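As structure tokens, the structure follows; a few thoughts come after it.
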Amino acid sequence: MRGGRRLFPLLLLALLPGLCHGREPAPGAVTCGSVLKLLNTRHSVRLHSHEVKYGSGSGQQSVTGVEASDDANSYWRIRGKSDSSCQRGTPVKCGQAIRLTHVNTGKNLHTHHFPSPLSNNQEVSAFGDDGEGDDLDFWIVQCSGTYWEREDAVRFRHVGTEVFLSITGEQYGHPIRGQREVHGMPAANHHNYWKAMEGVFIKPSLDPAKHDEL
């Protein structure tokens, strides 16, 4: 019996590998299902979209940067390439591919080989219906640690075209006067750093039973 008691803790650890090897996520990790605003750290504007279409290029819903911190059209939901690959409450890993779905219109952050209207970089748009678009909606989170932390400045590199989500300061006129152009750039630089700001952050969890909680 004494030998059995000594073996029980070892057996428990073998059956619960998720409790070992430092796999518990940090409390400040950005998680799947979270809704947040993203601030471009160079130009101090938040990633934004609205029901205004580009008048050139793809003609899809435009994506811009706005200075206001309280605009409801600046909220984006963190999702995976598929719902099963990024379950609710799971911390987003550095190097993971995600979708950013615009909360108010249900369209995904998207880019493709159209020139952006002001800077002639690569156009960034919002595309799809009810959160479903195509393979050009996927972005890789580039950060330095294991997980995307809320305090980190991170980059988003597009899976299909390898550009970085960027702002360089160009401003639109009517009907979205003062809003900044958002575009894709081929090089990593100080124009493509983003930080998580205001939002509703789902508590990090590795417990599958908690993934579907509202």
Side-chain angles (χ1 to χ4, degrees), residues 30 36-67 71 73-81 86 92-129 131-144 148 152-173 176 178-197:
V30 175
L36 51 74
K37 295 181 181 180
L38 291 166
L39 178 75
N40 183 279
T41 59
R42 174 69 175 182
H43 298 279
S44 297
V45 293
R46 286 160 174 77
L47 188 69
H48 180 90
S49 192
H50 39 223
E51 293 182 348
V52 177
K53 295 182 178 181
Y54 288 118
S56 61
S58 69
Q60 293 176 3
Q61 182 170 301
S62 59
V63 173
T64 64
V66 298
E67 293 182 355
D71 195 314
N73 271 322
S74 300
Y75 283 113
W76 301 82
R77 187 181 304 278
I78 307 297
R79 303 170 64 214
K81 292 182 70 174
C86 194
V92 176
K93 294 181 178 180
C94 296
Q96 182 173 339
I98 64 168
R99 287 177 288 178
L100 290 164
T101 301
H102 188 243
V103 172
N104 281 356
T105 63
K107 297 183 182 298
N108 296 325
L109 190 71
H110 181 95
T111 189
H112 39 214
H113 293 295
F114 286 93
S116 59
L118 301 182
S119 66
N120 206 38
N121 284 298
Q122 186 165 297
E123 180 192 277
V124 170
S125 65
F127 173 77
D129 294 298
E132 298 305 319
D134 62 22
D135 289 346
L136 293 177
D137 298 342
F138 304 144
W139 301 81
I140 292 174
V141 181
Q142 290 195 338
C143 44
S144 57
W148 174 11
D152 292 345
V154 304
R155 291 189 174 102
F156 299 100
R157 181 171 62 83
H158 190 244
V159 172
T161 64
E162 299 187 344
V163 297
F164 294 89
L165 183 69
S166 306
I167 292 178
T168 50
E170 294 82 3
Q171 294 189 19
Y172 288 105
I176 50 175
Q179 295 188 24
R180 310 294 179 88
E181 180 186 82
V182 174
H183 49 247
M185 299 183 73
N189 55 48
H190 54 273
H191 295 295
N192 38 59
Y193 275 119
W194 300 84
K195 186 176 179 181
M197 298 298 289

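Note that the structure is a prediction, hence the values are computed from the model and not measured.
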Within the structure provided, determine whether [X] and [Y] are in side-chain contact (heavy-atom separation under 4.5 Å).
{"X": "H50", "Y": "S62", "answer": "yes"}
{"X": "T168", "Y": "M185", "answer": "yes"}
{"X": "N104", "Y": "Y75", "answer": "no"}
{"X": "Q61", "Y": "S125", "answer": "no"}
{"X": "T161", "Y": "Q122", "answer": "yes"}
{"X": "D129", "Y": "K107", "answer": "yes"}
{"X": "L109", "Y": "V182", "answer": "no"}
{"X": "Q96", "Y": "C86", "answer": "yes"}

For [X] versus [Y], what's the shortest heavy-atom pair and its separation?
{"X": "T41", "Y": "A153", "answer": "CG2-CB, 4.4 Å"}
{"X": "N120", "Y": "P115", "answer": "OD1-CB, 3.2 Å"}
{"X": "A196", "Y": "V30", "answer": "CB-CG2, 4.3 Å"}
{"X": "K37", "Y": "S74", "answer": "CG-O, 3.2 Å"}
{"X": "W139", "Y": "V124", "answer": "CH2-CG2, 4.5 Å"}
{"X": "S49", "Y": "V63", "answer": "OG-CG2, 4.0 Å"}

Original post:
If you count the non-hydrogen atoms of other residues, nucleotides and ligands that lie under 6.0 Å from CD in E51, is the total more than 12?
Top reply: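 Count not over threshold, so no.
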
Subject >> With H112 via ring pair (Phe, Tyr, Trp, His ring centres under 6.0 Å) - residues at least two apart >> reply: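 For H112, the residues satisfying ring pair (Phe, Tyr, Trp, His ring centres under 6.0 Å) (neighbours in sequence not counted) are H110, F114.
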
Could you state the interatomic distance from [atom1] ([X]) to [atom2] ([Y]), rounded to the nearest 0.5 Å?
{"X": "Q179", "Y": "D71", "atom1": "CD", "atom2": "CG", "answer": "7.5 Å"}
{"X": "R46", "Y": "E67", "atom1": "CZ", "atom2": "CD", "answer": "10.0 Å"}
{"X": "S144", "Y": "R155", "atom1": "OG", "atom2": "CZ", "answer": "11.0 Å"}
{"X": "L39", "Y": "L47", "atom1": "CG", "atom2": "CG", "answer": "10.5 Å"}
{"X": "D137", "Y": "F127", "atom1": "CG", "atom2": "CZ", "answer": "6.5 Å"}
{"X": "F164", "Y": "W194", "atom1": "CZ", "atom2": "CH2", "answer": "14.0 Å"}

Original post:
Where do T101 and N108 land on the side-chain contact (heavy atoms from CB on, under 4.5 Å) test, with the steps shown first?
Top reply: CA-CA 4 Å; T101 301; N108 296 325; 2.6 Å; yes

Original post:
Are D152 and K195 within salt-bridge range, i.e. N to O under 4.0 Å?
Top reply: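 Judged by the 4.0 Å cut-off on N to carboxylate O distance, D152 and K195 do not form a salt bridge.
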
**OP:** Assess whether side-chain contact (heavy atoms from CB on, under 4.5 Å) is satisfied between I78 and L100, documenting all intermediate values.
**Re:** CA-CA 5 Å; I78 307 297; L100 290 164; 3.3 Å; yes

Original post:
With respect to I167, which candidate in H43, H183, R42 satisfies the side chain to side chain contact (heavy atoms under 4.5 Å, CB included) definition?
Top reply: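 Single pass found, and it is H43.
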
Original post:
So, S119 and E170: side-chain donor and acceptor under 3.5 Å apart, yes or no?
Top reply: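 Per modelled atom types, S119 and E170 side chains form no pair under 3.5 Å.
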
Original post:
Under 3.5 Å, side chain of E123 to main-chain N/O of G57, donor-acceptor pair present?
Top reply: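 Judged by distance alone, no pair lies under 3.5 Å.
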
Original post:
Per the ring pair (Phe, Tyr, Trp, His ring centres under 6.0 Å) rule, which among W148, W76, Y193 passes with F156?
Top reply: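 Only one option passes, and that is W148.
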
Subject >> From CA spacing to verdict: side-chain contact (heavy atoms from CB on, under 4.5 Å), R180, N40 >> reply: CA-CA 11 Å; R180 310 294 179 88; N40 183 279; over 6 Å; no

